[in-house]
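The structure under discussion appears below in the form of structure tokens.
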2 protein chains.
Amino acid sequence: MAKNKYQLVYDELLETIRGGKLEAGEVLPSENVLSDLYGASRETIRKALNLLAQNGHIQKIKGKGSVVLDTQRMSFPVSGLVSFKELSQSFEAAAVTKVHQFALVKADDAIASQLTCGPNTEIWKIVRSREINGEKIILDKDYLDKRIVPYLSKEICENSIYEYLEGELGIKIGYAEKEITVEECTNEDRAYLDLRDFQHVVAVKSYVYLDDTTLFQYTESRHRLDKFRFVDFARRGQV
Amino acid sequence: MAKNKYQLVYDELLETIRGGKLEAGEVLPSENVLSDLYGASRETIRKALNLLAQNGHIQKIKGKGSVVLDTQRMSFPVSGLVSFKELSQSFEAAAVTKVHQFALVKADDAIASQLTCGPNTEIWKIVRSREINGEKIILDKDYLDKRIVPYLSKEICENSIYEYLEGELGIKIGYAEKEITVEECTNEDRAYLDLRDFQHVVAVKSYVYLDDTTLFQYTESRHRLDKFRFVDFARRGQV
DNA sequence: AAGTGGTCTAGACCACTAT
DNA sequence: TAGTGGTCTAGACCACTTA
């Protein structure tokens, strides 16, 4: 559970916002009031509020207060680091994962360059398709460094790999670099996806790092054009 | 100028990283050392370091220090809020902006719903194409609320609107919501862009807000498929 | 054991917004 | 003028890494 005081404040405030107890446009209690309310220093309260601001839930206005933003407008953010399982829960749609390939392979040149590891490094290779409302829409190709993930199974891949890594293995994921481009369909895309007559797919390539800056995963997620949507919340300056 | 102490520290540290004085993998001086160095309290130093971490320049590791990340790997980030002009400067390519439409119009229903303003509100409508290396690749359609931007000219649009808003008018942009999807080409796309025989474009829709949560701009940026690239840096937890 | 970053405090002064 | 958020300080204790 949230053992840090600022995370606790963050969670509770987010809940009151999400729960609709505060409408968009209303202001949160002032920092001093919250400070008394939670028995926390003002800086600790500010830490929680700044997190809410970063994630697009409030806007802090000098002299006024912390205004609640309309978070429904764009609905859920696909931004940041979220796994497919977390995503599909927002969908509320029937999502089915099918594992097409699951193997432990030696890194060839292509993989080695993506994971910046030596050739012959042992790598888990997983190919999965994601079916939503009866159509195979997304093709996920994952490569995981076995030195970091010693064990894996087909069953885990049918569920959520992230859930396993963070929950079971206690692996702490630090950050990721993502690139979104549009590429021509490959034969692999056509084999595993319901592509209709689209000539292109949206390719999302992710490099995932541990807390200690170790690169341990490369993922290529290929989406059918018409079903792709990416939402982002961005701030101009820094918080 | 950076009048805040933590911004000054941020700028200087970023410069030493960018300038190559620190290689990827090396560690910054510890927070206590930087604290002495800059004559600032440790919390102030931490504020600067957390900004560097958020923006993907360093990774802070407990017990070790602040490790410099390889920021070249993905090259420039298109993420966050950047205008086309800032972007094209990174390109180093010949970028030409052509203004196709520049007019003050009354909001019709379509625009009014995007800008959540009443009908008949006065809106600047600008349509521009962006040419890179001799090809018209991007079509930008901007709608700006005249109540916020009282004056605008074709010349300004040929340059950077953001530069004008922030520099000349002193408008403080707070945040933006962005959505990336793929759409079928319209006749407008075909008229203004060198589309070859692509059937789709990447559509980036942005809603831009002021510091005080006023929505004042809606922009639709339409990119030719093969030239689109979006790079993102994401952290799992919060900083 | 020494050094690192992570959390938290109690207080200060400032700039801005409301009235 | 009173209240708000923004910056900054000096100090404390903790968890973690390294030697």
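Values in this document were obtained by computation on a predicted structure and should not be read as measured data. Chain letters run A, B, ... following the sequence lines, proteins first and then strands; every chain starts at 1.
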Give the nucleotide from the list D:dT9, D:dT4, C:dG5 with an atom nearest to the side chain of A:S30.
D:dT4

Can you tell me the distance, in whole Å, between the CG atom of A:L52 and the C1' atom of D:dG5?
15 Å

Would you indicate which nucleotide in C:dT9, D:dG6, C:dG5 comes nearest to any side-chain atom of B:K62?
C:dG5

Starting at CG of A:D211 and ending at C1' of C:dG6, how long is that distance when rounded to a whole Å?
13 Å

Can you see if the side chain of B:K47 gets near the phosphate of D:dG6 - specifically, an N or O under 4.0 Å from OP1 or OP2?
no

Just how far, in rounded Å, is P of C:dG6 from CZ of A:R46?
19 Å

Which pairs, with at least one residue in residues 102-111 of chain A and sequence neighbours excluded, count as a side-chain hydrogen bond (donor to acceptor under 3.5 Å, both in side chains)?
none

Interatomic distance, A:K60 NZ vs C:dT17 C1' [rounded to whole Å]
16 Å

May I ask you to check whether A:Y10 and A:E12 show a side-chain donor-acceptor distance below 3.5 Å?
no

Closest-nucleotide mapping onto DNA chain D: is B:A40 or B:K64 further toward the 5' terminus? I mean the 5' end.
B:A40

Listed nucleotide nearest any side-chain atom of A:K5, set C:dT7, D:dT9, C:dT9:
C:dT9

B:Y6 has a side chain; which of D:dT7, C:dC8, D:dG6 sits nearest to it?
D:dT7

Would you mind reading off the distance between B:N50 atom CG and C:dG5 atom C1', rounded to a whole angstrom?
10 Å

Rounded to the nearest Å, what distance is computed from the OH atom of residue B:Y38 to the C1' atom of nucleotide D:dT9?
19 Å

Answer yes when A:R46 and A:E31 have at least one side-chain N-carboxylate O distance shorter than 4.0 Å, and no when they do not.
yes

D:dT9, D:dG6, C:dT9: which one has an atom nearest the side-chain heavy atoms of A:E31?
D:dG6

5'-most contact on DNA chain C: A:R42 or A:G39, nearest heavy atom basis?
A:G39

Here's a test of your reading of the structure: between A:E43 and B:I61, which maps to the more 5' nucleotide of DNA chain C?
B:I61

Under 4.0 angstrom between B:S41 side-chain N/O and D:dA10 OP1 or OP2:
no

From NZ of A:K3 across to C1' of C:dG6 the rounded distance in Å is 10 Å

Would a line drawn from the ring center of B:F216 to the ring center of B:Y209 be shorter than 6.0 Å?
no

Check the phosphate of D:dT9 against B:T44, side-chain N and O only, distance under 4.0 Å to OP1 or OP2. Yes or no?
yes

Value in whole Å for how far the P atom of C:dT17 lies from CD of A:Q59
13 Å

Side-chain donor or acceptor of A:W124 paired with backbone N/O of A:V149 under 3.5 Å
yes

